[in-house]
Amino acid sequence: MGHLSAMFKLARSLSMKKSKNFCGDGDNVGGGGGGREAAKAMEKEAKKNELILRSSGCMNVAGSKNLASLFSKRGEKGVNQDCFIVWEEFGCQEDMTFCGVFDGHGPWGHFVSKKVRESLPSHLLCNWQEALAAAESSSDDYLLDEIDLGSDKNLQRFNMWKHCYLKACAAVDQELEQHRKIDSFYSGTTALTIVRQGELLYVANVGDSRAVLATTSEDGNLMPVQLTVDFKPSLPQEAKRIVECKGRVFCLDDEPGVQRVWLPDEESPGLAMSRAFGDHCIKDFGLISVPEVTQRRISGKDQFLIMATDGVWDVVSNQEAVQIVSAVADRSKAAKCLVKAAMKAWRRRRRGIAMDDISAVCLFLHSPPPPAFATKIG
(Lines give C-alpha, C1' and ligand atoms only; values in the text may rest on other atoms or scores of the structure.)
Protein backbone atom coordinates (compact mmCIF):
# COMPACT_ATOMS: atom_id res chain seq x y z
CA MET A 1 0.00 0.00 0.00
CA GLY A 2 3.02 2.32 0.03
CA HIS A 3 3.51 5.03 2.64
CA LEU A 4 0.61 4.09 4.90
CA SER A 5 2.13 3.00 8.22
CA ALA A 6 0.66 5.94 10.13
CA MET A 7 -2.82 5.02 8.99
CA PHE A 8 -2.32 1.37 9.89
CA LYS A 9 -1.41 2.46 13.42
CA LEU A 10 -4.51 4.63 13.52
CA ALA A 11 -6.64 1.74 12.33
CA ARG A 12 -5.27 -0.48 15.09
CA SER A 13 -5.94 2.22 17.70
CA LEU A 14 -9.57 2.29 16.61
CA SER A 15 -9.92 -1.47 17.25
CA MET A 16 -10.72 -2.39 13.64
CA LYS A 17 -14.44 -1.91 14.18
CA LYS A 18 -16.86 -3.28 11.61
CA SER A 19 -18.03 -1.09 8.72
CA LYS A 20 -21.30 0.25 10.16
CA ASN A 21 -19.60 1.29 13.41
CA PHE A 22 -16.28 2.45 12.00
CA CYS A 23 -17.72 5.48 10.21
CA GLY A 24 -20.90 5.82 12.19
CA ASP A 25 -24.12 3.83 12.16
CA GLY A 26 -25.33 3.15 8.62
CA ASP A 27 -28.80 4.41 9.62
CA ASN A 28 -27.34 7.66 10.92
CA VAL A 29 -24.91 8.92 8.32
CA GLY A 30 -24.02 11.95 10.38
CA GLY A 31 -23.37 9.83 13.47
CA GLY A 32 -20.06 9.57 15.27
CA GLY A 33 -18.07 6.35 15.14
CA GLY A 34 -14.34 5.95 15.64
CA GLY A 35 -13.51 6.67 12.02
CA ARG A 36 -15.44 9.95 11.82
CA GLU A 37 -13.99 11.08 15.13
CA ALA A 38 -10.47 10.29 13.94
CA ALA A 39 -11.07 12.10 10.64
CA LYS A 40 -12.39 15.16 12.45
CA ALA A 41 -9.41 15.08 14.80
CA MET A 42 -7.07 15.01 11.79
CA GLU A 43 -8.90 17.96 10.26
CA LYS A 44 -8.64 19.94 13.49
CA GLU A 45 -4.92 19.23 13.71
CA ALA A 46 -4.45 20.16 10.04
CA LYS A 47 -6.19 23.49 10.59
CA LYS A 48 -4.01 24.13 13.62
CA ASN A 49 -0.89 23.49 11.53
CA GLU A 50 -2.19 25.66 8.65
CA LEU A 51 -2.42 22.73 6.26
CA ILE A 52 -5.95 23.59 5.09
CA LEU A 53 -6.80 26.59 2.89
CA ARG A 54 -10.42 27.50 2.15
CA SER A 55 -10.06 31.07 0.90
CA SER A 56 -8.29 32.85 -1.93
CA GLY A 57 -4.55 32.61 -1.45
CA CYS A 58 -1.61 30.27 -1.79
CA MET A 59 -0.66 27.00 -0.10
CA ASN A 60 3.00 26.02 -0.22
CA VAL A 61 3.96 23.68 2.61
CA ALA A 62 7.67 23.21 3.28
CA GLY A 63 8.88 19.94 1.80
CA SER A 64 5.81 19.47 -0.42
CA LYS A 65 6.08 19.11 -4.20
CA ASN A 66 2.81 21.02 -4.52
CA LEU A 67 2.09 24.68 -4.73
CA ALA A 68 -1.60 25.54 -4.80
CA SER A 69 -3.02 28.87 -5.91
CA LEU A 70 -6.69 29.61 -5.16
CA PHE A 71 -8.93 32.50 -6.18
CA SER A 72 -12.67 33.16 -6.33
CA LYS A 73 -14.70 36.12 -7.56
CA ARG A 74 -18.39 36.72 -6.95
CA GLY A 75 -20.46 37.06 -10.10
CA GLU A 76 -23.44 39.30 -10.80
CA LYS A 77 -26.19 37.02 -9.53
CA GLY A 78 -25.92 37.66 -5.79
CA VAL A 79 -23.89 35.91 -3.10
CA ASN A 80 -20.87 33.87 -4.23
CA GLN A 81 -21.98 30.23 -4.19
CA ASP A 82 -18.57 28.83 -5.19
CA CYS A 83 -16.10 27.55 -2.65
CA PHE A 84 -12.95 25.41 -2.58
CA ILE A 85 -10.42 23.66 -0.37
CA VAL A 86 -6.82 22.47 -0.42
CA TRP A 87 -5.73 20.12 2.38
CA GLU A 88 -2.06 19.22 2.47
CA GLU A 89 -0.88 16.06 4.29
CA PHE A 90 -4.39 14.66 3.94
CA GLY A 91 -4.92 11.76 6.32
CA CYS A 92 -1.63 12.61 8.10
CA GLN A 93 0.24 11.45 4.98
CA GLU A 94 3.07 13.66 3.79
CA ASP A 95 2.55 12.54 0.19
CA MET A 96 -1.23 13.12 0.09
CA THR A 97 -3.16 16.26 -0.87
CA PHE A 98 -6.91 16.78 -1.17
CA CYS A 99 -8.28 19.53 -3.45
CA GLY A 100 -11.87 20.42 -4.23
CA VAL A 101 -14.01 23.04 -5.98
CA PHE A 102 -17.76 23.32 -5.37
CA ASP A 103 -20.32 25.35 -7.34
CA GLY A 104 -23.61 25.89 -5.52
CA HIS A 105 -26.95 26.79 -7.10
CA GLY A 106 -30.46 27.57 -5.93
CA PRO A 107 -31.66 29.70 -2.98
CA TRP A 108 -29.54 27.76 -0.47
CA GLY A 109 -26.71 26.96 -2.86
CA HIS A 110 -23.99 28.77 -0.91
CA PHE A 111 -24.88 26.80 2.22
CA VAL A 112 -25.01 23.51 0.34
CA SER A 113 -21.63 24.00 -1.35
CA LYS A 114 -19.95 24.87 1.94
CA LYS A 115 -21.59 21.93 3.69
CA VAL A 116 -20.34 19.49 1.05
CA ARG A 117 -16.87 21.06 1.26
CA GLU A 118 -16.99 20.49 5.01
CA SER A 119 -18.39 16.94 4.97
CA LEU A 120 -16.91 15.21 1.93
CA PRO A 121 -13.22 15.18 3.00
CA SER A 122 -13.98 13.70 6.43
CA HIS A 123 -16.32 11.06 5.00
CA LEU A 124 -13.73 10.13 2.40
CA LEU A 125 -10.96 9.97 4.97
CA CYS A 126 -13.10 7.85 7.26
CA ASN A 127 -13.83 5.39 4.45
CA TRP A 128 -10.16 5.28 3.53
CA GLN A 129 -9.18 4.46 7.11
CA GLU A 130 -11.77 1.70 7.14
CA ALA A 131 -10.48 0.28 3.85
CA LEU A 132 -6.89 0.29 5.06
CA ALA A 133 -7.86 -1.42 8.30
CA ALA A 134 -9.73 -4.09 6.33
CA ALA A 135 -6.85 -4.55 3.92
CA GLU A 136 -4.48 -5.24 6.80
CA SER A 137 -6.86 -7.41 8.81
CA SER A 138 -7.44 -10.87 7.36
CA SER A 139 -10.52 -11.19 9.55
CA ASP A 140 -12.24 -8.30 7.78
CA ASP A 141 -12.69 -9.97 4.40
CA TYR A 142 -16.17 -8.45 4.08
CA LEU A 143 -14.76 -5.14 2.86
CA LEU A 144 -12.12 -6.65 0.63
CA ASP A 145 -14.82 -8.66 -1.14
CA GLU A 146 -16.97 -5.56 -1.48
CA ILE A 147 -14.13 -3.51 -2.96
CA ASP A 148 -12.98 -6.27 -5.35
CA LEU A 149 -9.36 -5.24 -5.18
CA GLY A 150 -8.07 -7.38 -8.02
CA SER A 151 -4.47 -8.48 -8.40
CA ASP A 152 -2.59 -5.44 -9.67
CA LYS A 153 -1.42 -3.06 -6.91
CA ASN A 154 -2.33 0.07 -8.85
CA LEU A 155 -5.74 -1.37 -9.63
CA GLN A 156 -6.16 -2.32 -5.98
CA ARG A 157 -5.42 1.22 -4.87
CA PHE A 158 -7.72 2.73 -7.51
CA ASN A 159 -10.59 0.41 -6.64
CA MET A 160 -10.13 1.23 -2.98
CA TRP A 161 -10.33 4.99 -3.63
CA LYS A 162 -13.29 4.55 -5.97
CA HIS A 163 -15.16 2.53 -3.36
CA CYS A 164 -14.36 5.16 -0.72
CA TYR A 165 -15.60 7.97 -2.96
CA LEU A 166 -18.84 6.21 -3.87
CA LYS A 167 -19.64 5.59 -0.21
CA ALA A 168 -18.66 9.12 0.81
CA CYS A 169 -20.77 10.84 -1.84
CA ALA A 170 -23.83 8.73 -1.02
CA ALA A 171 -23.45 9.51 2.68
CA VAL A 172 -22.98 13.24 2.11
CA ASP A 173 -26.06 13.49 -0.09
CA GLN A 174 -28.16 11.60 2.44
CA GLU A 175 -26.77 13.82 5.18
CA LEU A 176 -27.86 16.88 3.20
CA GLU A 177 -31.36 15.53 2.70
CA GLN A 178 -31.73 15.00 6.45
CA HIS A 179 -30.10 18.29 7.48
CA ARG A 180 -32.40 20.34 9.71
CA LYS A 181 -30.88 23.75 8.98
CA ILE A 182 -30.07 23.56 5.25
CA ASP A 183 -32.88 23.25 2.72
CA SER A 184 -31.46 21.33 -0.22
CA PHE A 185 -34.81 20.44 -1.82
CA TYR A 186 -34.42 23.08 -4.55
CA SER A 187 -30.71 23.82 -4.01
CA GLY A 188 -27.52 21.89 -4.66
CA THR A 189 -23.87 21.95 -5.63
CA THR A 190 -21.37 20.36 -7.94
CA ALA A 191 -18.22 18.80 -6.46
CA LEU A 192 -14.93 18.23 -8.25
CA THR A 193 -12.28 16.74 -5.98
CA ILE A 194 -8.83 15.29 -6.47
CA VAL A 195 -6.58 13.31 -4.15
CA ARG A 196 -2.90 13.35 -4.98
CA GLN A 197 -1.16 10.35 -3.44
CA GLY A 198 2.48 10.35 -4.37
CA GLU A 199 2.61 10.35 -8.16
CA LEU A 200 -1.02 9.29 -8.61
CA LEU A 201 -4.08 11.47 -9.04
CA TYR A 202 -7.54 10.21 -8.09
CA VAL A 203 -10.23 12.39 -9.64
CA ALA A 204 -13.90 12.34 -8.59
CA ASN A 205 -16.42 14.54 -10.37
CA VAL A 206 -20.08 15.28 -9.67
CA GLY A 207 -21.44 17.98 -11.98
CA ASP A 208 -19.99 20.34 -14.55
CA SER A 209 -16.88 21.77 -12.94
CA ARG A 210 -13.75 20.68 -14.80
CA ALA A 211 -10.17 19.52 -14.21
CA VAL A 212 -7.55 20.16 -16.89
CA LEU A 213 -3.95 18.94 -16.75
CA ALA A 214 -1.18 20.90 -18.46
CA THR A 215 1.39 18.52 -19.92
CA THR A 216 4.34 18.90 -22.27
CA SER A 217 3.82 17.54 -25.77
CA GLU A 218 6.45 15.89 -27.96
CA ASP A 219 7.28 19.22 -29.60
CA GLY A 220 7.91 20.83 -26.20
CA ASN A 221 4.72 22.90 -26.04
CA LEU A 222 2.23 22.80 -23.20
CA MET A 223 -1.05 21.13 -24.10
CA PRO A 224 -4.27 20.59 -22.10
CA VAL A 225 -5.57 17.16 -21.13
CA GLN A 226 -9.13 17.27 -19.83
CA LEU A 227 -9.42 14.84 -16.91
CA THR A 228 -13.17 15.11 -16.31
CA VAL A 229 -16.47 15.05 -18.18
CA ASP A 230 -18.80 18.03 -17.89
CA PHE A 231 -21.90 16.22 -16.70
CA LYS A 232 -24.64 18.14 -18.47
CA PRO A 233 -28.08 16.88 -19.58
CA SER A 234 -27.02 17.36 -23.21
CA LEU A 235 -24.85 14.23 -22.94
CA PRO A 236 -26.81 11.33 -24.48
CA GLN A 237 -26.14 8.87 -21.65
CA GLU A 238 -27.14 11.45 -19.03
CA ALA A 239 -30.31 12.46 -20.89
CA LYS A 240 -31.23 8.78 -21.35
CA ARG A 241 -31.05 8.12 -17.62
CA ILE A 242 -33.10 11.22 -16.79
CA VAL A 243 -35.83 10.45 -19.31
CA GLU A 244 -35.99 6.81 -18.19
CA CYS A 245 -36.61 8.12 -14.66
CA LYS A 246 -39.50 10.28 -15.95
CA GLY A 247 -37.55 13.53 -15.76
CA ARG A 248 -37.50 15.88 -18.73
CA VAL A 249 -34.65 17.48 -20.71
CA PHE A 250 -35.22 20.48 -22.94
CA CYS A 251 -34.08 24.04 -23.71
CA LEU A 252 -36.01 27.22 -22.95
CA ASP A 253 -36.96 29.37 -25.91
CA ASP A 254 -34.64 32.17 -24.82
CA GLU A 255 -31.73 29.74 -24.22
CA PRO A 256 -31.35 27.71 -27.41
CA GLY A 257 -28.70 25.03 -27.02
CA VAL A 258 -28.77 25.02 -23.20
CA GLN A 259 -30.35 21.73 -22.15
CA ARG A 260 -31.81 21.66 -18.62
CA VAL A 261 -33.36 19.07 -16.31
CA TRP A 262 -37.02 19.46 -15.35
CA LEU A 263 -39.56 17.68 -13.19
CA PRO A 264 -42.20 15.58 -15.01
CA ASP A 265 -45.08 18.00 -14.47
CA GLU A 266 -43.48 21.29 -13.42
CA GLU A 267 -41.34 23.95 -15.09
CA SER A 268 -38.68 23.56 -12.40
CA PRO A 269 -35.92 23.27 -11.30
CA GLY A 270 -34.25 23.70 -14.71
CA LEU A 271 -30.80 22.43 -13.76
CA ALA A 272 -27.96 22.91 -16.23
CA MET A 273 -26.08 19.88 -14.87
CA SER A 274 -27.09 16.22 -14.70
CA ARG A 275 -25.26 15.32 -11.47
CA ALA A 276 -25.24 17.25 -8.21
CA PHE A 277 -25.44 17.01 -4.45
CA GLY A 278 -28.76 18.20 -3.06
CA ASP A 279 -31.61 19.12 -5.42
CA HIS A 280 -33.67 16.42 -3.75
CA CYS A 281 -36.81 17.59 -5.54
CA ILE A 282 -35.54 15.82 -8.66
CA LYS A 283 -33.41 12.98 -7.28
CA ASP A 284 -36.19 10.50 -8.10
CA PHE A 285 -36.25 11.71 -11.71
CA GLY A 286 -32.72 11.08 -12.94
CA LEU A 287 -30.44 13.54 -11.16
CA ILE A 288 -27.70 11.64 -9.30
CA SER A 289 -24.80 12.43 -6.99
CA VAL A 290 -22.71 9.45 -8.14
CA PRO A 291 -19.17 10.59 -8.99
CA GLU A 292 -17.15 9.50 -11.99
CA VAL A 293 -13.85 8.36 -10.47
CA THR A 294 -10.69 8.12 -12.57
CA GLN A 295 -6.96 8.01 -11.98
CA ARG A 296 -3.84 9.29 -13.70
CA ARG A 297 -0.16 8.76 -13.00
CA ILE A 298 1.83 11.99 -12.90
CA SER A 299 4.84 12.06 -15.22
CA GLY A 300 7.71 14.49 -15.52
CA LYS A 301 5.90 16.05 -18.48
CA ASP A 302 2.86 17.00 -16.39
CA GLN A 303 3.26 20.54 -15.07
CA PHE A 304 0.13 21.74 -13.33
CA LEU A 305 -3.55 21.05 -12.78
CA ILE A 306 -6.42 23.50 -13.15
CA MET A 307 -9.67 22.83 -11.28
CA ALA A 308 -12.36 25.41 -11.95
CA THR A 309 -16.09 26.00 -11.88
CA ASP A 310 -18.04 26.54 -15.09
CA GLY A 311 -17.69 30.28 -14.64
CA VAL A 312 -14.23 29.80 -16.11
CA TRP A 313 -14.96 27.14 -18.72
CA ASP A 314 -18.04 28.87 -20.15
CA VAL A 315 -15.78 31.57 -21.59
CA VAL A 316 -12.21 30.19 -21.54
CA SER A 317 -11.04 27.15 -23.51
CA ASN A 318 -8.77 24.48 -22.04
CA GLN A 319 -5.88 25.68 -24.20
CA GLU A 320 -6.42 29.31 -23.24
CA ALA A 321 -6.49 28.41 -19.55
CA VAL A 322 -3.21 26.49 -19.81
CA GLN A 323 -1.59 29.40 -21.67
CA ILE A 324 -2.80 31.93 -19.09
CA VAL A 325 -1.52 29.95 -16.12
CA SER A 326 1.82 29.03 -17.74
CA ALA A 327 2.51 32.70 -18.53
CA VAL A 328 2.25 33.78 -14.87
CA ALA A 329 5.71 34.42 -13.40
CA ASP A 330 4.52 34.21 -9.78
CA ARG A 331 2.85 30.81 -9.32
CA SER A 332 1.00 32.01 -6.23
CA LYS A 333 -0.96 34.44 -8.45
CA ALA A 334 -1.87 31.86 -11.12
CA ALA A 335 -5.50 31.31 -10.05
CA LYS A 336 -6.12 35.03 -9.69
CA CYS A 337 -4.78 35.70 -13.19
CA LEU A 338 -7.00 32.95 -14.63
CA VAL A 339 -10.11 34.26 -12.88
CA LYS A 340 -9.36 37.83 -13.98
CA ALA A 341 -8.96 36.62 -17.57
CA ALA A 342 -12.30 34.81 -17.34
CA MET A 343 -13.97 37.99 -16.05
CA LYS A 344 -12.69 39.91 -19.07
CA ALA A 345 -13.87 37.11 -21.37
CA TRP A 346 -17.37 37.27 -19.84
CA ARG A 347 -17.62 40.99 -20.57
CA ARG A 348 -16.30 40.49 -24.09
CA ARG A 349 -18.13 37.31 -25.12
CA ARG A 350 -21.30 37.37 -23.00
CA ARG A 351 -22.47 40.95 -23.08
CA GLY A 352 -25.88 41.37 -21.51
CA ILE A 353 -25.60 38.11 -19.56
CA ALA A 354 -25.01 38.26 -15.80
CA MET A 355 -21.53 36.99 -15.01
CA ASP A 356 -21.38 33.71 -13.09
CA ASP A 357 -19.27 33.15 -9.97
CA ILE A 358 -15.74 32.31 -11.10
CA SER A 359 -13.37 30.14 -9.05
CA ALA A 360 -10.18 28.23 -9.73
CA VAL A 361 -7.53 26.13 -8.02
CA CYS A 362 -4.17 25.79 -9.78
CA LEU A 363 -2.05 22.95 -8.40
CA PHE A 364 1.58 22.91 -9.54
CA LEU A 365 2.82 19.34 -9.41
CA HIS A 366 6.59 19.77 -9.18
CA SER A 367 8.87 21.99 -7.16
CA PRO A 368 10.21 24.86 -9.30
CA PRO A 369 13.84 24.54 -10.45
CA PRO A 370 16.32 26.57 -8.41
CA PRO A 371 17.11 29.99 -9.85
CA ALA A 372 20.15 30.26 -12.07
CA PHE A 373 22.98 32.42 -10.79
CA ALA A 374 25.33 34.23 -13.12
CA THR A 375 28.90 34.28 -11.91
CA LYS A 376 31.11 37.12 -13.04
CA ILE A 377 34.68 36.04 -13.69
CA GLY A 378 37.68 38.33 -13.79
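Values reported hereafter were calculated over all heavy atoms of this structure, with side chains retained and with hydrogens, waters and symmetry mates removed.
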* Please walk me through it: do Arg296 and Asp302 pass salt bridge (Lys or Arg N to Asp or Glu O under 4.0 Å)? -> CA-CA 11 Å; Arg296 182 182 175 97; Asp302 300 331; 3.5 Å; yes

Could you tell me if the side chain of [Y] sits less than 4.5 Å from the side chain of [X], heavy atoms only?
X: Thr193; Y: Asn205; result: no
X: Phe277; Y: Leu176; result: yes
X: Gln226; Y: Arg210; result: yes
X: Lys232; Y: Gln259; result: no
X: Leu287; Y: Ile242; result: no
X: Thr215; Y: Leu222; result: no
X: His110; Y: Asn80; result: no
X: Ser359; Y: Cys83; result: no

* Evaluation steps, side chain to side chain contact (heavy atoms under 4.5 Å, CB included), between Val212 and Leu227 -> CA-CA 6 Å; Val212 172; Leu227 299 183; over 6 Å; no

Could you check whether any side-chain N or O of [X] sits under 3.5 Å from a backbone N or O of [Y], counting only pairs where one atom can act as donor and the other as acceptor?
X: Gln81; Y: Gly106; result: yes
X: Trp87; Y: Cys99; result: no
X: Ser184; Y: Gly188; result: no
X: Trp346; Y: Gly311; result: yes
X: Thr216; Y: Lys301; result: yes
X: Ser69; Y: Ser332; result: yes
X: Asn49; Y: Glu45; result: yes

* Asked: Under the salt bridge (Lys or Arg N to Asp or Glu O under 4.0 Å) test, which residues partner Arg54, sequence neighbours left out?
  ->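 By the salt bridge (Lys or Arg N to Asp or Glu O under 4.0 Å) rule, Arg54 matches Glu43.
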
* Only counting residues at least two apart or in another chain, list the ones meeting salt bridge (Lys or Arg N to Asp or Glu O under 4.0 Å) with Asp357. =>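 Checked Asp357 against salt bridge (Lys or Arg N to Asp or Glu O under 4.0 Å); zero matches.
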
Do other residues, nucleotides or ligands put more than 12 heavy atoms under 6.0 Å from the [atom1] atom of [X]?
X: Glu50; atom1: CD; result: no
X: Glu218; atom1: CD; result: no
X: Lys114; atom1: NZ; result: yes
X: Lys162; atom1: NZ; result: no

* To do: Check side chain to side chain donor-acceptor pair (under 3.5 Å) between Arg297 and all other residues, then give those that pass, not counting sequence neighbours.
  =>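 Scan of Arg297 (side chain to side chain donor-acceptor pair (under 3.5 Å), adjacent residues dropped) gives Asn154.
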
* Name all residues meeting the side chain to side chain donor-acceptor pair (under 3.5 Å) criterion together with Lys333; count only those two or more places apart in sequence or in a different chain, and write none if there are none. =>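 Partners of Lys333 by the side chain to side chain donor-acceptor pair (under 3.5 Å) criterion, ordered by chain and then number, come out as Asp330.
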
Hydrophobic cluster membership, [X] vs [Y], 4.5 Å side-chain cutoff:
X: Val79; Y: Val339; value: no
X: Phe231; Y: Leu271; value: no
X: Val316; Y: Ile306; value: yes
X: Leu365; Y: Leu70; value: yes
X: Ile324; Y: Met343; value: yes

* To do: Let me know which of Gln156, Gln295, Gln197 forms a side chain to side chain donor-acceptor pair (under 3.5 Å) with Trp161.
  =>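 Answer after filtering Gln156, Gln295, Gln197: Gln197.
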
Donor-acceptor pair between [X] and [Y] side chains, under 3.5 angstrom:
X: Glu175; Y: Ser119; answer: yes
X: Asn66; Y: His366; answer: no
X: Thr309; Y: Asp103; answer: no
X: Ser72; Y: Ser56; answer: no

* **side chain to side chain contact (heavy atoms under 4.5 Å, CB included) assessment of Asp95 paired with Phe90** => CA-CA 8 Å; Asp95 69 340; Phe90 186 58; over 6 Å; no

May I ask you to decide whether [X] forms a salt bridge with [Y], counting only side-chain N to carboxylate O separations under 4.0 Å?
X: Glu199; Y: Lys65; value: yes
X: Arg349; Y: Glu320; value: yes
X: Glu37; Y: Lys40; value: no

* **Full working for side chain to side chain contact (heavy atoms under 4.5 Å, CB included) between Leu53 and Glu88** => CA-CA 9 Å; Leu53 183 61; Glu88 280 277 14; over 6 Å; no

How close do [X] and [Y] get, counting heavy atoms only, and between which atoms?
X: Trp313; Y: Ala321; result: CZ3-CB, 3.7 Å
X: Thr189; Y: Ser113; result: OG1-CB, 3.4 Å
X: Pro121; Y: Phe98; result: CG-CE2, 3.5 Å

* Do the ring planes of Phe364 and Phe304 sit parallel (below 30°), tilted (30 to 60°) or perpendicular (above 60°)? ->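 Plane angle between 30° and 60°, so tilted.
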
* Restricting to pairs with a member in residues 282-291, which pass side-chain hydrogen bond (donor to acceptor under 3.5 Å, both in side chains), not counting sequence neighbours? ->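 The answer is Asp173-Lys283, Asp173-Ser289.
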
* Aromatic centroids of Phe111 and Trp108 separated by under 6.0 Å ->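 Judged by ring-centre distance (under 6.0 Å), Trp108 and Phe111 do meet the cut-off.
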
* To do: Applying side chain to side chain contact (heavy atoms under 4.5 Å, CB included), run through Tyr165 and Leu124 and close with a yes or a no.
  => CA-CA 6 Å; Tyr165 259 117; Leu124 182 64; 3.6 Å; yes

* Kindly state each residue pair satisfying salt bridge (charged side-chain N to carboxylate O under 4.0 Å, His left out) with at least one member in residues 233-257, sequence neighbours excluded. =>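 Checked against salt bridge (charged side-chain N to carboxylate O under 4.0 Å, His left out) - neighbours excluded - the pairs reaching residues 233-257 are Glu238-Arg241, Glu238-Arg275, Lys240-Glu244, Arg248-Glu267, Glu255-Arg260.
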
